[in-house]
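The structure displayed is predicted, hence computed values, not measured ones.
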Amino acid sequence: MDTIVEVKNLTKKYFFTSPTVLKNVSLDVVEGEFLCFVGPSGCGKSTLIRLISGLEKPTSGQVYYKKKIVKGINPEISMVFQSFALLPWLTIKENVEFGAKMSGGIDWAEQHWVRGSLFTVGLNKVSDMYPRELSGGMRQRVGIARALVRDPKVLILDEPFSQLDLITAGELRSEALEIWQSRNLTVIMVSHLIEEAVQLADRIVIMDAGEIKKIVSMNLRRPRHKGGKEFLEVVGEIEKIMGLKDEDQ
């Protein structure tokens with residue numbers, strides 16, 4: 001498969017006197033893969049995906065999308081946020097339409113992508129409801145539908161399940177895998193859970209203090225069961241790399 005996103009020598013500082021958030025980070029993202037970033041809070045995971053999406057500019061280095069320098073928001077890259085980020089005065093359908101308006105052409109989107117995206121996440125029958133009337137899981141489905149309405153090639157997920165209960169989060173992980181496979185997407189995800197990353201990812205990028213510590217390739221067949229021996233071995237390996245487990249354990 002071809003490389004779709006290239007990160008080259010990326011450094012990010014927000015202020016001249018502030019600490020460096022990212023330090024000379026380089027990474028290739030392969031088209032069609034499910035890539036997951038893990039690491040402690042403040043290690044630069046969310047900053048890196050915001051740079052990839054074009055929401056922020058690097059201090060130095062470059063992000064490339066299909067060999068072209070990213071200079072702003074890319075209509076082929078969509079993001080799902082941790083906090084749902086819905087507009088409470090708009091209905092579910094209108095929130096999804098808002099995502100279409102950001103890329104232009106609401107008439108076309110209304111005919112096809114809005115309805116299709118709502119159907120994909122199972123919200124087509126509640127499209128006239130408001131965010132306050134929905135559960136946390138349903139609100140995040142709206143966020144996913146809004147991201148999909150732009151028909152992206154790359155879907156970025158910023159800890160999308162962290163505010164959900166265990167059962168709902170598990171359901172949405174399975175749905176995320178189905179969407180990734182059925183739409184032939186490239187998915188880049190940030191997670192604070194090692195088990196979540198092992199369940200979902202093709203490769204796991206372990207970060208620490210603004211740098212990539214190691215990249216672990218997943219050789220586990222899908223579907224992956226959390227209680228399995230091989231699954232737990234991979235989790236243990238990543239815990240050791242992150243310093244969460246002694247080497248002799």
Review point. Do N74 and S53 have side-chain heavy atoms sitting under 4.5 Å apart?
Key: no
Are [X] and [Y] joined in one hydrophobic group, where the rule is that I, L, V, M, F, W and Y side chains link up if heavy atoms are under 4.5 Å apart?
{"X": "L55", "Y": "L27", "answer": "yes"}
{"X": "V187", "Y": "L177", "answer": "yes"}
{"X": "Y64", "Y": "V29", "answer": "no"}
{"X": "L193", "Y": "F161", "answer": "no"}
{"X": "Y130", "Y": "L86", "answer": "no"}

**Study point:** Residue from T186, L185, L200 passing side chain to side chain contact (heavy atoms under 4.5 Å, CB included) with W180
**Key:**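 Among the candidates, only L185 passes.
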Practice item. Could you tell me whether R221 and E230 make a salt bridge, using a distance below 4.0 angstrom between a side-chain N and a carboxylate O? Key: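 Salt bridge between R221 and E230, a charged N being under 4.0 Å from a carboxylate O: no.
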Review point. Salt bridge check: are K8 and D28 linked by an N-O gap of less than 4.0 Å?
Key: no
Check your understanding: To the nearest 0.5 Å, what is the distance between CG (L123) and CZ (R141)?
Key -> 7.0 Å
Review point. Is there a salt bridge (Lys or Arg N to Asp or Glu O under 4.0 Å) between E56 and R50 once you walk through the steps?
Key: CA-CA 6 Å; E56 295 187 13; R50 290 178 69 84; 2.9 Å; yes
Point to revise | CD/E76: more than 12 non-hydrogen atoms of other groups inside 6.0 Å | key: yes
**Study point:** More than 12 heavy atoms from other groups under 6.0 Å of NZ on K214
**Key:**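 Counting neighbours around NZ of K214, 12 or fewer heavy atoms of other residues, nucleotides or ligands fall under 6.0 Å, so no.
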Study note, to complete from the structure: For A201 and R224 the tightest heavy-atom approach is O-NH1, 2.6 Å
Practice item. Show your working on salt bridge (Lys or Arg N to Asp or Glu O under 4.0 Å) between E6 and K67 and close with a plain yes or no. Key: CA-CA 8 Å; E6 298 173 78; K67 309 300 182 183; 3.4 Å; yes
